[in-house]
Colleague: 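Take this structure, written in structure tokens, and hold onto it; I'll ask about it next.
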2 protein chains.
Amino acid sequence: MAKGKERAAPLRDFEHSLPMELLKARESAMARFRPMLRDHGLTEQQWRVIRALAALESVDAGELARRSFLLAPSLTRILQHLESEKLVTRSADANDQRRAVFKLTSSGKQLFSKVAPDSEALYADIECEFGVHKLESLYALLAEFYQTLAPAAAAPEDRSATA
Amino acid sequence: MAKGKERAAPLRDFEHSLPMELLKARESAMARFRPMLRDHGLTEQQWRVIRALAALESVDAGELARRSFLLAPSLTRILQHLESEKLVTRSADANDQRRAVFKLTSSGKQLFSKVAPDSEALYADIECEFGVHKLESLYALLAEFYQTLAPAAAAPEDRSATA
DNA sequence: GAAGTATACTTAACATGTTAACTGAATTCA
DNA sequence: TGAATTCAGTTAACATGTTAAGTATACTTC
């Protein structure tokens with residue numbers, strides 16, 4: 001709008017890469033969630049873990065990593081932190097001593113139920129400002145995008161139809 | 001497609017937040033670029049800086065931060081690293097001693113011209129697999145999204161019409 | 001049933017993200 | 001002009017991202 005003259009199909013003028021556009025979009029959303037989470041003493045990633053735990057009542061680390069989309073080393077550190085805060089408990093899987101099983105403590109559940117409504121409110125704002133319809137289109141395109149790119153170079157997990 | 005039964009408008013079942021969907025999309029793309037960049041001895045962020053420098057021939061840190069979408073502390077560290085690798089030179093702005101001005105060295109330019117084609121090739125793959133049309137839709141939606149959300153809680157820079 | 005392999009994390013090391021405090025140079029204004 | 005303020009970058013401290021190596025348990029196979 002400012003410059004008027006945009007090339008017909010720039011798609012990428014070597015400084016607006018797709019990863020960076022995705023990052024900008026993500027950042028514009030996170031700029032709203034971060035202060036709220038910070039008020040609750042949480043980082044974005046810690047909240048992702050708590051949210052996953054709240055939905056499952058007992059999960060091993062691998063499942064947690066998948067659901068919260070965190071790499072194992074990050075998850076290890078985050079769980080250590082959440083344990084030290086008494087928000088999460090760790091126990092060993094009876095059938096497989098390699099697996100660690102995690103649960104939300106009552107403080108953890110309490111924290112979740114305090115943060116969740118704030119999170120919902122911010123989502124509602126976004127839906128309202130951007131429009132539910134466009135938001136759905138965006139969700140759909142994003143899912144299609146990463147499902148398209150996944151087969152060629154995906155995460156080593158969740159590929160079961162490869163053998 | 002796999003499960004068949006998807007709710008009509010989930011939009012977010014409390015474990016598929018928009019930031020995470022954006023992250024997944026971004027990650028699916030970066031999973032392709034990262035190995036290539038790694039082969040050239042670069043991280044994604046270092047490449048963003050070099051790309052911005054290659055387009056401008058002489059930039060101060062603030063402009064670099066905006067163009068590469070990096071926070072100042074990250075940029076500081078990255079520039080220190082690139083200087084130590086002799087890929088970038090630093091000099092002081094004559095008119096404003098606060099500003100640092102950066103340029104690509106000849107090695108830096110050389111590296112850029114080696115990486116750029118590899119980057120282009122991967123983009124071409126993505127365009128081909130996902131489809132140019134969908135990719136354009138995605139770009140457009142993303143831009144619309146972050147432009148919509150920006151006014152309410154934007155970066156303190158590049159807002160000039162606020163006064 | 002012991003060696004070999006795979007699995008589920010954990011550690012380590014380095015790079016970046018995020019926020020806050022800090023330094024020095026320009027600007028404003030009384 | 002000199003104190004107060006703003007601005008550009010840097011430093012600091014802690015959390016996470018990324019890759020590689022390590023550890024212990026489970027599984028496989030001969």
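In the text below, chain A, chain B and the rest are named by the order of the sequence lines, each starting its count at 1.
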Colleague: Name the orientation class of the two ring planes belonging to B/F145 and A/F130 (parallel below 30°, tilted from 30 to 60°, perpendicular beyond 60°).
Modeller: perpendicular

Colleague: For the pair A/K134 and A/E129, find out whether any cationic side-chain nitrogen is under 4.0 Å from an anionic carboxylate oxygen.
Modeller: no

Colleague: For B/M36 and D/dT19, what is the distance between atoms CE and C1' respectively, to the nearest whole Å?
Modeller: 18 Å

Colleague: Once you round it to whole Å, what is the distance between P of D/dC14 and CG of B/L71?
Modeller: 19 Å

Colleague: Please compare B/Q46 and A/R90 by the position of their nearest nucleotide in DNA chain C and report the one closer to 5'.
Modeller: A/R90

Colleague: By nearest nucleotide on DNA chain C, pick out whichever of A/Q80 and A/R99 is the more 5' one.
Modeller: A/R99

Colleague: Would you kindly give the CH2-to-C1' distance between B/W47 and D/dT18, to the nearest whole Å?
Modeller: 20 Å

Colleague: Between D/dG9 atom C1' and B/D93 atom CG, what is the distance in whole Å?
Modeller: 13 Å

Colleague: Can you measure A/L75 atom CG to D/dT19 atom C1' for me and round it to whole angstrom units?
Modeller: 17 Å

Colleague: Is a side-chain N or O of B/S68 found less than 3.5 angstrom from the main chain of B/L64, in a donor-acceptor match?
Modeller: yes

Colleague: Decide yes or no on salt bridge (Lys or Arg N to Asp or Glu O under 4.0 Å) for A/E21 and A/K24, but give the supporting numbers first.
Modeller: CA-CA 5 Å; A/E21 293 300 295; A/K24 284 184 189 175; 3.6 Å; yes

Colleague: Between P on D/dT18 and CG on B/L23, what's the gap in Å once rounded to a whole number?
Modeller: 8 Å

Colleague: Does a side-chain N or O of B/S74 approach OP1 or OP2 of C/dT16 to a distance below 4.0 Å, or not?
Modeller: no

Colleague: Heavy atoms under 4.0 Å, any strand shown: does A/A72 hit a base, just sugar-phosphate, or nothing?
Modeller: base

Colleague: Looking at B/T43, does any N or O in its side chain come under 4.0 Å of the phosphate oxygens OP1/OP2 on C/dT16?
Modeller: yes

Colleague: What does B/I78 touch in the nucleic acid at a heavy-atom separation under 4.0 angstrom: a base, only the sugar-phosphate, or nothing?
Modeller: sugar-phosphate

Colleague: Rounded to whole angstroms, how far apart are CZ on B/R38 and P on C/dA13?
Modeller: 16 Å

Colleague: Round to the nearest Å and state the distance from B/L42 atom CG to C/dC14 atom P.
Modeller: 18 Å

Colleague: Any N or O donor-acceptor pair linking the side chain of B/R98 to the base of D/dC7 at under 3.5 Å?
Modeller: yes

Colleague: Nearest heavy atom decides the nucleotide; on that basis, is B/A61 or B/R77 closer to the 5' end of DNA chain D?
Modeller: B/A61

Colleague: Decide, yes or no, whether a salt bridge links A/R66 with A/E63 under the criterion of side-chain N to carboxylate O below 4.0 Å.
Modeller: yes

Colleague: Can you tell me if the side-chain N/O atoms of B/R34 get under 4.0 Å from OP1 or OP2 in D/dT18?
Modeller: yes

